[in-house]
Student: 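Here it is: the structure, laid out below.
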Amino acid sequence: MDRDPSSSGKLHLRAVGSFHVGGQRQTLQGLPVEQIRLAVGAPARSVDPNGSYISGQMYVQYFLQQNPVCPWPLVLWHGGGMTGANWESTPDGRPGWLQRLLESGWDVYVCDAVERGRAGWSRWPEIYQQAPLFRTLEEGWDMFRIGPPLDGINDGLSAHPGQQFPVDAFEAFAAQWVPRWADHEAITLQAYQALLQKIGPCAVVAHSQGGGLALSLAARCPALFKAVVAIEPSGAPDQLPPAGTCPPCLMVWGDHVAGHPIWRTYRERVDQHAQALKRQGAQVTQLDLPAQGIQGNSHFPMLDRNSDQVLEQILHWLHPLIS
């Protein structure tokens, strides 16, 4: 899987493009016509919101190699309140996993899930039933296990000892966060399933909420997957795939999981799912980074300073599956 060292850092792509997938038409009626100014220096004009919309679609960008190292691609799914930007670059400006995977010769698809980033979102409460959720910096600092809980962001940032996340770039990272809706698992899974049906079986590398969704879809539609890499999945389904059909699964965990009350519960649920899959005979591997001597990782190992080292572990696990 390794490329000639002389080509390190060079990309050999035959195509870069994007598309939207999933979604369906929604029609609204009975809403008032509004007078809104839409152009610089122009007067307000009538805007009629009644009519049809496309809702529930997702955005996908693809990068295809001239000579891929694998006959099937890697597909990158982000976590809650995030977008595909998580994979592109680190907050402190280092190359992200997208570039490293392309340098290694993989075909890669990067997703913005339903309602995130370039996928767009829909009116609420007319189409979306609930208002969006917004994450505070304080919540992110704690939930992403960068440091102990903060009373306020202005009190100073005290990270966990040995923390690999680039703390000086925390606010640059927070600028990536987007609104999210808490009740969209079903429509998001529909769009992800439409994507995999469009591009064919692949390995999905999924983070946090995306990891739980990947495990859920793999239970429903295992034939769509060559492998699942769930990076700190925040949940797991009750459903299991039919015995003998589960794709190989890798779960990746960083530091301070056991000491965090919410993440400890999340991992217990994922561990239960992993054990149930193993009882079916599935190939399931738990990569506990601290146990491997790779220490200090936050909830975002793809953004941590040792991100390349973590990716090497994942590619090492994937390598025997290539055929």
Student: Indicate, with yes or no, if the rings of Phe165 and Phe144 have centres closer together than 6.0 Å.
Tutor: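 Aromatic pair excluded; centres sit 6.0 Å or further apart.
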Student: About how many Å separate CG of Leu98 and CZ of Arg100, when rounded to the nearest 0.5 Å?
Tutor: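 If we round to the nearest 0.5 Å, Arg100:CZ and Leu98:CG are 11.0 Å apart.
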Student: I need the minimum non-hydrogen distance between Gly56 and Val114, along with the two atoms involved.
Tutor: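 Closest pair (atom of Gly56, atom of Val114, distance): O-CG2, 3.3 Å.
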Student: Following the transitive rule for hydrophobic clusters with a side-chain heavy-atom cut-off under 4.5 Å over Ile, Leu, Val, Met, Phe, Trp and Tyr, establish whether Trp124 and Phe134 coincide in one cluster.
Tutor: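 Shared cluster, no.
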Student: Within this structure, what is the CD-SG distance for the pair Gln197 and Cys221, rounded to the nearest 0.5 Å?
Tutor: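 Spacing of CD (Gln197) from SG (Cys221) equals 6.5 Å.
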Student: Around Glu185, counting heavy atoms of other residues, nucleotides and ligands shown, do more than 12 lie under 6.0 Å from its CD?
Tutor: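 Not buried by this count: 12 neighbours or fewer within 6.0 Å.
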Student: How about Arg267 and Ile262: do any of their side-chain heavy atoms sit closer than 4.5 Å?
Tutor: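 SC-SC contact between Arg267 and Ile262 ruled out.
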Student: Is a side-chain donor-acceptor pair under 3.5 Å present for Gln99 with Glu103?
Tutor: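 Yes, a side-chain donor-acceptor pair sits under 3.5 Å.
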Student: Do Arg37 side-chain atoms and Ala39 backbone N/O form a donor-acceptor pair below 3.5 Å?
Tutor: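 Yes, Arg37 side chain to Ala39 backbone: donor-acceptor pair under 3.5 Å.
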Student: Verify the distance criterion only: is there a donor paired with an acceptor across the side chains of Asp142 and His260 at less than 3.5 Å?
Tutor: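 On atom types as modelled, these side chains qualify, holding a pair under 3.5 Å.
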Student: With heavy-atom distances below 4.5 Å as the criterion, would you say the side chains of Gln239 and His273 are in contact?
Tutor: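 When only atoms from C-beta onward are counted, His273 and Gln239 do not touch, as no gap falls below 4.5 Å.
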Student: Would you mind reporting whether Val204 and Phe225 have side-chain heavy atoms less than 4.5 Å apart?
Tutor: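 Side chain of Phe225 against side chain of Val204, heavy atoms only: contact under 4.5 Å found.
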Student: I would like to know whether Leu321 and Lys226 meet side-chain contact (heavy atoms from CB on, under 4.5 Å); could you show each step before the answer?
Tutor: CA-CA 8 Å; Leu321 304 179; Lys226 292 293 187 178; over 6 Å; no
Student: Does some side-chain heavy atom of Leu196 sit less than 4.5 Å from a side-chain heavy atom of Cys202?
Tutor: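 Yes, close enough: below the 4.5 Å cut-off.
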Student: Strictly distance-based, threshold 3.5 Å: is any side-chain N or O of Asp304 a donor or acceptor partner for the main-chain N or O of Asn306?
Tutor: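 Flag not set: sc Asp304 to bb Asn306 has no pair under 3.5 Å.
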Student: Could you walk me through whether Asp255 and Arg145 satisfy the salt bridge (Lys or Arg N to Asp or Glu O under 4.0 Å) test, starting with their C-alpha distance in whole Å, then the side-chain angles of each, then the deciding distance to 0.1 Å, before giving a yes or no?
Tutor: CA-CA 8 Å; Asp255 277 38; Arg145 306 194 317 278; over 6 Å; no
Student: Describe, in one word, how the ring planes of Trp253 and Trp263 are oriented to each other, choosing from parallel (under 30°), tilted (30 to 60°) and perpendicular (over 60°).
Tutor: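 The rings of Trp253 and Trp263 stand perpendicular, inter-plane angle above 60°.
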Student: If only atom types and distance count, is the side chain of Ser208 paired as donor or acceptor with the main-chain N or O of Gly210 below 3.5 Å?
Tutor: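 Not at all, since once roles are kept as given, no pair shorter than 3.5 Å links the two residues.
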Student: Please check if the number of heavy atoms outside Glu171 that lie under 6.0 Å from its CD is greater than 12.
Tutor: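 Open: at most 12 neighbouring heavy atoms sit under 6.0 Å from CD of Glu171.
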Student: Atom NE2 in His207, atom CE in Met82: separation rounded to 0.5 Å?
Tutor: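 Spacing of NE2 (His207) from CE (Met82) equals 8.0 Å.
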Student: Could you measure the distance from the CD atom of Gln309 to the CD atom of Gln292? Nearest 0.5 Å is fine.
Tutor: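 Between atom CD of Gln309 and atom CD of Gln292 there are 10.5 Å.
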Student: Taking the basic N atoms (NZ, or NE/NH1/NH2) and the acidic carboxylate oxygens, is any pair closer than 4.0 Å for Asp271 and Arg269?
Tutor: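 Looking at Asp271 and Arg269, the cut-off is not met.
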Student: Please report the shortest heavy-atom distance between Val33 and Ser46, naming the atom on each side.
Tutor: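 It is CG1-CB, 4.0 Å.
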Student: Quick check: does any side chain N or O of Ser89 sit under 3.5 Å from a backbone N or O of Gly93, one acting as donor and the other as acceptor?
Tutor: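 It does not hold such a pair.
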Student: Which atoms form the tightest heavy-atom contact between Trp77 and Ala214, and what is the distance?
Tutor: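 Of all heavy-atom pairs spanning Trp77 and Ala214, the closest is CZ3-CA, 3.5 Å.
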Student: Do the side chain of Thr245 and the main chain of Pro241 share a donor and acceptor less than 3.5 angstrom apart?
Tutor: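 Looks like no, no N/O pair under 3.5 Å.
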Student: Are Tyr59 and Leu74 connected, step by step, through hydrophobic side chains (Ile, Leu, Val, Met, Phe, Trp, Tyr) whose heavy atoms are closer than 4.5 Å?
Tutor: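 No, it is not one cluster - the side chains of Tyr59 and Leu74 are not joined through contacts under 4.5 Å.
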Student: If only atom types and distance count, is the side chain of Ser216 paired as donor or acceptor with the main-chain N or O of Gly212 below 3.5 Å?
Tutor: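 Yes, Ser216 side chain to Gly212 backbone: donor-acceptor pair under 3.5 Å.
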Student: Pairs of donor and acceptor atoms involving the side chains of residues 15-30, under 3.5 Å and at least two apart or interchain, shall be tabulated with distances.
Tutor:
{"residue": "His20", "atom": "NE2", "partner": "Arg118", "partner atom": "O", "Å": "3.0"}
{"residue": "Thr27", "atom": "OG1", "partner": "Ser52", "partner atom": "OG", "Å": "2.9"}

Student: Can you check side-chain contact (heavy atoms from CB on, under 4.5 Å) on Gln280 and Leu240, steps first, answer last?
Tutor: CA-CA 9 Å; Gln280 286 191 335; Leu240 295 174; 3.7 Å; yes
Student: Taking the six-membered ring where the residue is Trp, are the ring centres of Trp121 and Tyr128 under 6.0 Å apart?
Tutor: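 No - the distance between ring centres of Trp121 and Tyr128 does not fall below the 6.0 Å cut-off.
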Student: Any chain of hydrophobic side-chain contacts (each under 4.5 Å) joining Ile322 to Ile199?
Tutor: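 Shared cluster, yes.
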Student: As an exercise, state the distance from CD1 of Ile231 to CE of Met302, rounded to the nearest 0.5 Å.
Tutor: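 Separation between the atoms: 4.5 Å.
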Student: Under a 4.5 Å side-chain heavy-atom rule over Ile, Leu, Val, Met, Phe, Trp and Tyr, are Tyr266 and Leu133 clustered together?
Tutor: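 Tyr266 and Leu133: separate clusters.
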Student: Between Arg94 and Asp92, is any pair of side-chain heavy atoms under 4.5 Å apart?
Tutor: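 The answer is yes, as the side chains (C-beta and beyond) meet within the 4.5 Å cut-off.
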Student: Using a 3.5 Å distance criterion without hydrogens, assess whether the side chain of Asp112 forms a donor-acceptor pair with backbone atoms of Ala119.
Tutor: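 Looks like no, no N/O pair under 3.5 Å.
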Student: Can you find a heavy atom in the side chain of Trp106 that is under 4.5 Å from one in the side chain of Leu315?
Tutor: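 Yes, side chains in contact.
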Student: Enter the distance from His12:NE2 to Asn67:CG here, rounded to the nearest 0.5 Å.
Tutor: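 If we round to the nearest 0.5 Å, His12:NE2 and Asn67:CG are 9.0 Å apart.
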Student: Counting only heavy atoms not in Lys278 (residues, nucleotides, ligands), do more than 12 fall under 6.0 Å from its NZ?
Tutor: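 Counting neighbours around NZ of Lys278, more than 12 heavy atoms of other residues, nucleotides or ligands fall under 6.0 Å, so yes.
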Student: Short question: side chain of Gln65, backbone of Leu13 - any donor-acceptor pair under 3.5 Å?
Tutor: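 No; zero donor-acceptor contacts below 3.5 Å.
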Student: Hydrophobic clustering (ILVMFWY, side-chain heavy atoms < 4.5 Å, transitive) - are Leu31 and Ile127 grouped together?
Tutor: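 Ile127 and Leu31: one cluster.
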Student: Ser104 and Val69: which non-hydrogen atoms are nearest, and at how many Å?
Tutor: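 Answer, listing the atom of Ser104 first, then Val69: O-CG1, 3.2 Å.
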Student: Taking the side chain as every heavy atom from C-beta outward, state whether Leu311 and Leu101 have any pair of such atoms under 4.5 Å apart.
Tutor: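 Yes, their side chains come closer than 4.5 Å.
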Student: Taking all atoms of both residues into account, what is the closest heavy-atom pair of Pro91 and Ala172, and its distance?
Tutor: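 Heavy atoms of Pro91 and Ala172 come nearest at O-CB, 4.1 Å.
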Student: Given side-chain contact (heavy atoms from CB on, under 4.5 Å), test Val108 with Trp87 step by step and report yes or no.
Tutor: CA-CA 11 Å; Val108 182; Trp87 309 104; over 6 Å; no
Student: Does Leu76 reach the side chain of Cys111, with side-chain heavy atoms less than 4.5 Å apart?
Tutor: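 When only atoms from C-beta onward are counted, Cys111 and Leu76 do not touch, as no gap falls below 4.5 Å.
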Student: Looking only at heavy atoms, which two atoms of Trp97 and Ser307 are closest? And how far apart?
Tutor: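 In terms of heavy atoms, the two residues are closest at NE1-O, 3.1 Å.
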Student: If we count only N and O atoms by modelled type, under 3.5 Å, do the side chains of His299 and Glu232 hold a donor and an acceptor together?
Tutor: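 Yes, Glu232 and His299 have a side-chain donor paired with an acceptor closer than 3.5 Å.
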Student: Does Ser298 form a side-chain contact (heavy atoms from CB on, under 4.5 Å) with Gln163? I'd like the steps, not just the answer.
Tutor: CA-CA 7 Å; Ser298 72; Gln163 177 58 253; 3.5 Å; yes
Student: Cut-off 3.5 Å, no hydrogens considered: what does the side-chain donor-acceptor table look like for residues 174-183, sequence neighbours left out?
Tutor:
{"residue": "Gln176", "atom": "OE1", "partner": "Asn86", "partner atom": "ND2", "Å": "3.0"}
{"residue": "Trp177", "atom": "NE1", "partner": "Phe173", "partner atom": "O", "Å": "3.3"}
{"residue": "Trp181", "atom": "NE1", "partner": "Gln130", "partner atom": "O", "Å": "2.8"}

